[in-house]
Amino acid sequence: MCVGLPARVVTVKNGMALVDASGAKREVSAELLEQLDPGDYVMVHAGVAIAKITSDDDEEADALLDELL
């Protein structure tokens, strides 16, 4: 099973993005996404930001993860 995690972009520099996923900050590749800015929300899989999402998507995913845990 593959799982993507929602995260908020903190900074973007040289094809990499620092993201905050429920308080855990990590650096991920942002090269698949054309325009990415701080404050955007992304889905992260295997260290790569694979899609932009909305803040509503982020909240929904967080709620589902909370239910599972």
Side-chain angles (χ1 to χ4, degrees):
M1 179 169 121
C2 297
V3 177
L5 297 175
R8 184 181 57 81
V9 176
V10 178
T11 61
V12 181
K13 183 178 179 182
N14 298 327
M16 299 297 288
L18 177 64
V19 299
D20 182 338
S22 299
K25 291 185 178 158
R26 61 194 52 183
E27 199 169 49
V28 300
S29 172
E31 293 191 5
L32 293 180
L33 304 177
E34 295 230 354
Q35 181 63 33
L36 197 58
D37 297 307
D40 287 344
Y41 288 87
V42 293
M43 187 62 63
V44 177
H45 175 68
V48 180
I50 58 173
K52 277 187 168 183
I53 61 172
T54 66
S55 61
D56 289 339
D57 294 332
D58 176 62
E59 291 171 12
E60 183 178 350
D62 282 343
L64 289 170
L65 287 173
D66 286 342
E67 279 184 39
L68 291 173
L69 301 174

Under the side-chain contact (heavy atoms from CB on, under 4.5 Å) test, residues paired with S29 that sit two or more places apart: M16, E31, V48
Contact summary for A49 and L32, nearest pair of heavy atoms: O-CB, 3.9 Å
Same cluster (ILVMFWY, side-chain, under 4.5 Å), I53 and L33: no
A30: partners by side-chain contact (heavy atoms from CB on, under 4.5 Å), with sequence neighbours left out: A17, L36
Nearest-0.5 Å distance that lies between atom CZ in R26 and atom CG in L18: 10.5 Å
ILVMFWY network linking V12 to Y41, side-chain heavy atoms under 4.5 angstrom: no
same_hphob_cluster(V10, V42) at 4.5 Å side-chain heavy-atom cutoff: no
